[in-house]
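Here the structure is laid out as structure tokens; the discussion comes afterwards.
Counting starts at 1 for both ligands and their atoms, following the listed order.
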Amino acid sequence: MCGIVGYIGSESAAEVLVDGLKTLEYRGYDSAGVAVIGAQGLDRRRAEGKLKNLSKRLRAEPLSGSLGIGHTRWATHGRPNETNAHPHRSGSVAVVHNGIIENYAELRTELQAGGAVFHSETDTEVVAHLVASLRDQGMDLKTAVESAIKRLEGAYAIAVVDEDFPDEFIAARLASPLILALGEGENLVASDLPAVLPYTRDVVFLEEGDLAHIRRDGVTIYHQGEVVERQSKHIKWSPAAAQKGGYKHFMLKEIFEQPRAISDTLSGRLGQNGEVHLEHFDFGRVEGVEHISLVACGTSWHAALVGRDLIENIAGIPVSVEYAHEYRYRRHLMGAGDLVLGISQSGETADTLAALGEVKSQGVRVGCITNVLESAVARLCSDSLGVIYTHAGPEIGVASTKAFTTQMVSLHLLALGLARQLGRISAERSKAEIEDLRHLPHWMEQTLEASKDIAELAPFASEFDNYLFLGRGTLFPVALEGALKLKEISYLHAEGYASGEMKHGPIALITEQFPTVALVGDDALKAKAVSNIEEIKARGGPVILVASEGSEELARVADKVVLVPKVPERLQPVIYSLPMQLLAYHVADHLGTDVDQPRNLAKSVTVE
Ligand code: AGP
């Protein structure tokens with residue numbers, strides 16, 4: 001939550017910062033601001049609401065200078081207005097911050113007693129005053145920031161400028177992500193890669209507690225006061241990966257990218273003889289496993305539900321699926337045979353991180369599935385079971401799409417890898433599973449052809465205020481995900497239920513005004529799922545049916561039908577997810593909501 005950027009070079013800092021913030025807006029869009037140091041000294045522009053408001057402001061009142069910092073906010077402390085927008089300023093110092101300063105109240109009282117005058121309700125403003133007060137004591141900028149962060153409790157990625165130091169800025173991080181990008185005569189910091197890729201692909205993922213002193217011609221990284229060397233990495237993503245590429249919304253682009261994303265998830269990981277190779281995950285460490293807990297939130301939790309069935313059915317290991325925010329506060333009754341795996345697209349969801357950290361500190365083996373290279377969750381697990389990267393590429397739309405399907409496929413690979421490691425699957429069986437997986441991108445392409453038909457269905461589907469999504473077996477998590485997608489971006493109320501649960505209460509809701517999206521798989525539960533739909537139809541409820549080709553006769557129980565290719569049962573959750581995403585997208589687009597940046601949400605939930 002919140003995105004920060006810092007730039008020093010020869011270009012217009014304000015332009016570089018705004019371009020960078022555009023790619024980080026998924027992290028929050030309550031307000032935005034930049035501070036630039038130019039010939040006139042330090043100046044800033046801030047605006048409530050989305051980045052476009054700041055851009056408008058900058059067109060009317062431009063800022064010149066080639067050193068600056070920028071911020072896009074998801075409000076935690078203080079309302080989303082201009083006064084609370086970053087950068088926060090104290091004298092010659094300005095600061096942008098992502099994270100939460102937990103001891104801000106105590107610091108604020110102390111700084112006020114020393115004469116500091118606060119203007120905002122934010123936790124961040126204490127950092128600006130603290131650095132300024134240390135500067136007043138005669139410290140240079142780097143020493144002042146180094147001393148200030150020793151006083152901070154909580155999480156931060158900060159970038160700090162001072163008009164008395166027009167050729168440098170300082171950045172530091174603890175428990176919030178920060179990337180240092182190394183260019184030619186220019187250097188940047190940012191919360192995420194897409195903000196820096198137009199300038200350079202050579203980056204350093206700053207470590208916990210690192211502080212970077214950044215100049216045009218170089219950077220020095222410090223850790224606990226000592227200069228440290230950090231290996232830079234060359235990123236292969238093209239900047240185009242974080243652009244809309246002709247699509248109306250990022251979400252639609254990301255939906256259509258899924259066949260390619262799944263190919264990338266599978267790439268280099270499937271052997272000729274049914275073996276699975278996951279480059280950063282250590283199957284050698286799973287010996288003695290008796291039970292796995294999958295820990296996640298939101299869409300990633302839905303992927304975990306699908307993963308439970310895959311791991312139990314393929315590898316024969318019992319699996320529990322846990323909401324990270326509940327799990328972290330429960331008593332963990334674990335033994336030597338337990339493994340805990342976190343699933344997180346962003347790799348920085350606070351609850352998932354805390355849950356994994358908690359059990360790891362008790363000596364439990366932890367691993368993760370994440371999309372973001374070197375993210376906090378990846379680092380946490382790297383010295384234990386390791387990391388499975390989903391390789392979905394940057395997901396900018398706040399509503400997860402390709403993250404979900406690549407997570408499910410990653411879990412499938414994990415299940416196969418575990419089964420092979422433990423000798424619970426034959427090479428023949430594993431080879432057959434792998435063949436199916438190789439074919440999956442093709443089936444996904446075919447499924448996406450339904451987009452036009454689903455768009456035509458959107459005016460009808462948009463007439464209702466409430467929805468039920470029903471599925472059985474492995475399509476139950478997909479029903480949950482379909483409901484989440486619809487409510488997230490269209491603001492229509494939707495609930496996902498296991499079809500068999502209908503008679504135990506929800507059926508009371510059914511009227512002509514209460515539609516159901518029913519998922520019917522081509523599996524052993526098909527007849528039962530159809531009976532559940534008949535019961536809804538008998539009570540006058542409108543039904544949008546998603547079923548596989550060959551089930552055309554089911555049109556009799558539905559008002560609208562979407563057919564998807566018939567695929568092996570284990571791949572159904574991936575295939576059925578696509579019409580769920582398309583339905584939510586086209587309904588939201590028809591209703592004219594802000595599809596990529598739905599109200600009140602941010603993509604990375606880095607606070608509890
Ligand atoms: C899904 O569309 C949401 N954006 C949300 O539920 C998300 O999946 C959840 O916040 C977990 O995020 P993570 O995967 O980055 O941990």
*Should Lys603 be counted as touching ligand 1, given the test is an N or O pair under 3.5 Å?*
no

*asked:* Checking the N or O distance criterion of under 3.5 Å, is ligand 1 in contact with Gly347?
replied: no

*Before giving the answer on side-chain hydrogen bond (donor to acceptor under 3.5 Å, both in side chains), spell out for His586 and Ser451 the whole-Å C-alpha distance, their side-chain angles and the decisive distance to 0.1 Å.*
CA-CA 9 Å; His586 287 301; Ser451 182; 3.0 Å; yes

*asked:* Is it the case that the side chains of Thr474 and Glu569 hold a donor-acceptor pair, with the cut-off being a distance below 3.5 Å and no angle test?
replied: no

Proximal atoms of ligand 1 relative to [X] (non-hydrogen, under 4.0 Å):
| X | result |
| --- | --- |
| Ser300 | 8 (O), 13 (P), 14 (O) |
| Ala399 | 2 (O) |
| Ser400 | 1 (C), 2 (O) |

*Please report the closest heavy-atom contact between Ser462 and Val587, naming both atoms and the distance.*
OG-CG1, 3.6 Å

Looking only at protein heavy atoms, identify the closest one to [atom] and say how far it is in Å.
| atom | value |
| --- | --- |
| atom 10 (O) of ligand 1 | Val605 CG2, 3.9 Å |
| atom 3 (C) of ligand 1 | Glu488 OE2, 3.0 Å |
| atom 7 (C) of ligand 1 | Thr299 N, 4.1 Å |
| atom 4 (N) of ligand 1 | Val398 O, 2.9 Å |
| atom 15 (O) of ligand 1 | Ser346 OG, 2.6 Å |
| atom 16 (O) of ligand 1 | Thr349 OG1, 2.4 Å |

_Residue of the set Arg285, Arg365, Lys360 for which salt bridge (Lys or Arg N to Asp or Glu O under 4.0 Å) holds with Asp383_ = Lys360

*Does any N or O in the side chain of Ser382 come within less than 3.5 Å of the main-chain N or O of Arg379, such that one atom is a donor and the other an acceptor?*
yes

*asked:* So is Lys485 touching ligand 1 or not, going by heavy atoms under 4.0 Å?
replied: yes

*Where the closest heavy atom to atom 11 (C) of ligand 1 is concerned, which of Gly397, Cys297, Gly298 has it?*
Cys297

*Aromatic ring pairing Phe469/Tyr467, orientation class (parallel under 30°, perpendicular over 60°, tilted between)*: tilted

*asked:* Go through it in stages, so that I can follow the logic: the residues are Arg173 and Glu207, the test is salt bridge (Lys or Arg N to Asp or Glu O under 4.0 Å), and I'd like the CA-CA distance, side-chain angles, deciding distance and then a yes or no.
replied: CA-CA 7 Å; Arg173 74 166 288 251; Glu207 306 256 334; over 6 Å; no

*Go through the steps for Tyr156 and Asp123 under the test side chain to side chain contact (heavy atoms under 4.5 Å, CB included), then give the verdict.*
CA-CA 11 Å; Tyr156 57 80; Asp123 53 331; over 6 Å; no

